[in-house]
J.: 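After the structure tokens below, expect a handful of questions from me.
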Amino acid sequence: MGLFGLLVVLSQSTFAAETSPKPNIVFILIDDFGYADSGPYGAKDIRTPNMDRLAKEGVKFTDFYSNGPVCTPTRCGFMTGRWQQRVGFEWAMGFSAESFRRRGDEWVPEKDIHSLGLPTSIPTLPKLLKSAGYATGAFGKWHLGFRDEFNPTKHGFDEYFGELLGHSDYYNHAYYDGTYALRDGLEPVKVDGYLTDLINQRATNFIRQHAKEPFFLYVPHLAVHCPYQPPGRPLPSVTKANMYDGDRRTYAAMVERVDDGLGMIFAELEKQGVLDNTLIVLSSDNGGERYSDNSPLFHHKSTLWEGGIRVPCLMRWPGKIPAGKVTPQVGITMDLTATFAAMAGVQAPSDRSFDGINLLPIVTGEQPVFSRTLCWRIDRKGREQKAVRYSHWKYIQDGNVEMLFDLTADISERRDLQFQQPQVFNFLKGQLAEWERDLAKERPDFLVK
């Protein structure tokens, strides 16, 4: 090839690299969503045609986990890509939390539940994506700090609309004690409408406004967290006494409205011509509770049994992820952080490397499924649990009772095998001890447990 031809090839490849659009990223996080509450995971009484489409055109994870058994820890794990205990969130902020501030080597109780939040000094995924030229928007439940200093706009999001606390009335947008939770950026706003619908509309508008640039759209729905208020029924307003009132039909209607929003996102991406250049991921922040269905898993939210931490996860990215694939790869919420960062070509700071992994090489088939160790912990008055997952084995300590399960043969955790498999049992306990030693090196400024 002559010099002229070489220059043409080089110039074409440079042009292609410069004009090849970065992939968009959409992450929909449902709250308290049952493992079996969508079509891809076996639901018969809830219609989820758009989640069905995600599974049909992408990959379904059978063994995906949330970072924690409740809300705040998982959201922190996603924002930072690291174990939430490194920040200080081992439980969800709110009226049931045990909160402390560090004073030297002592923990002093913190009575103001609104005084704590994700510190802005900690690197977050949206900050990393902004550095790569992404527009960033979050629409929905935050639950990583109520005060302005912890607002999503202080953590790398260009736009935010949603409610800041652990729950709110879906119609009047206030916490059960009357604290007003709805914000547009930093501003409290009065907006009429059902919260799930408002979130869906704002998420869709964000796509419309930013379709000509790479964008990261985070849609953390409040649904299907209590209060159990379906579309079209604004009364009664939420109170401490009625916040858990509901039934399966109400729950199903709330799920279906979330699925409608996914359909709106599909439609807008397609209208803007960017659907196939967008990775869409859907998951839950923890296992379902009350009116959810976690079948065939045992137990529910707030526990480290499978029903508390194993969650749905669906991914779609045509041309990259095979359609209709089912993977047994063990994954966790903070893996999505590492995955999204890798897609955007950014890395975590060298002193705060991700604890999660990039899942794309596995779901695309470039790398095989592999075994890894994941650990969880609850350390609260009245509830002390620890758990380890490695390969098909699960160790759980519930109070002072220790058990070992083969999840391939016993997904419902009914047959304790610790005495039949002492080597496996001791190996997993050793992995847990190593994980806890690593976490003990951190010195967070606060602790929520």
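Start at 1 with the first residue, then count along the sequence.
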J.: Keeping Asn294 on the side-chain end and Leu297 on the backbone end, is there a donor-acceptor pair under 3.5 Å?
T.: no
J.: Output every pair passing salt bridge (charged side-chain N to carboxylate O under 4.0 Å, His left out) with a member in residues 47-66, not counting sequence neighbours, ordered by first then second residue.
T.: Arg47-Glu256, Arg53-Glu57, Glu57-Arg316, Asp63-Arg310, Asp63-Arg389
J.: Holding to side-chain hydrogen bond (donor to acceptor under 3.5 Å, both in side chains), I want the full list of residues that pass it with Asp247, two or more places apart in sequence or in another chain.
T.: Thr250
J.: Identify, with sequence neighbours excluded, every residue that meets side-chain hydrogen bond (donor to acceptor under 3.5 Å, both in side chains) alongside Arg82.
T.: none
J.: Who pairs with Asp438 by side-chain hydrogen bond (donor to acceptor under 3.5 Å, both in side chains), at least two apart in sequence or on another chain?
T.: Arg86
J.: Applying side-chain hydrogen bond (donor to acceptor under 3.5 Å, both in side chains), can you list everything that pairs with Glu213, at least two apart in sequence or on another chain?
T.: His210
J.: Classify the ring geometry between Phe78 and Phe27 as parallel (under 30°), tilted (30 to 60°) or perpendicular (over 60°).
T.: tilted
J.: Go through the structure and list residues passing salt bridge (charged side-chain N to carboxylate O under 4.0 Å, His left out) with Lys301, not counting sequence neighbours.
T.: Asp32
J.: So, using salt bridge (charged side-chain N to carboxylate O under 4.0 Å, His left out) as the criterion, who are the partners of Arg290 when residues are at least two apart?
T.: none
J.: Please list all pairs passing the ring pair (Phe, Tyr, Trp, His ring centres under 6.0 Å) test where one or both residues lie in residues 237-273, with sequence neighbours left out.
T.: none
J.: So, using side chain to side chain contact (heavy atoms under 4.5 Å, CB included) as the criterion, who are the partners of Lys449 when residues are at least two apart?
T.: Glu90, Glu98, Phe100, Asp379, Leu447
J.: Which pairs, with at least one residue in residues 121-147 and sequence neighbours excluded, count as a ring pair (Phe, Tyr, Trp, His ring centres under 6.0 Å)?
T.: His114-Phe146, Phe139-Phe206, Trp142-His155
J.: Between the main-chain N or O of Gln385 and the side-chain N or O of Asp398, is there a donor-acceptor pair closer than 3.5 Å?
T.: no
J.: Distance-only criterion, 3.5 Å: show the donor-acceptor pairs between side-chain atoms of residues 341-353 and protein atoms not counting sequence neighbours.
T.:
none

J.: Parallel under 30°, tilted from 30 to 60°, perpendicular over 60°: which one fits the rings of Tyr228 and Tyr291?
T.: perpendicular
J.: Report the distance from atom CD of Glu159 to atom OG1 of Thr153, rounding to the nearest 0.5 Å.
T.: 11.0 Å
J.: Charged N to carboxylate O under 4.0 angstrom, Lys394 versus Asp410?
T.: no
J.: What side chain to side chain donor-acceptor pair (under 3.5 Å) pairs are there with at least one residue in residues 329-346, not counting sequence neighbours?
T.: Asp335-Arg372
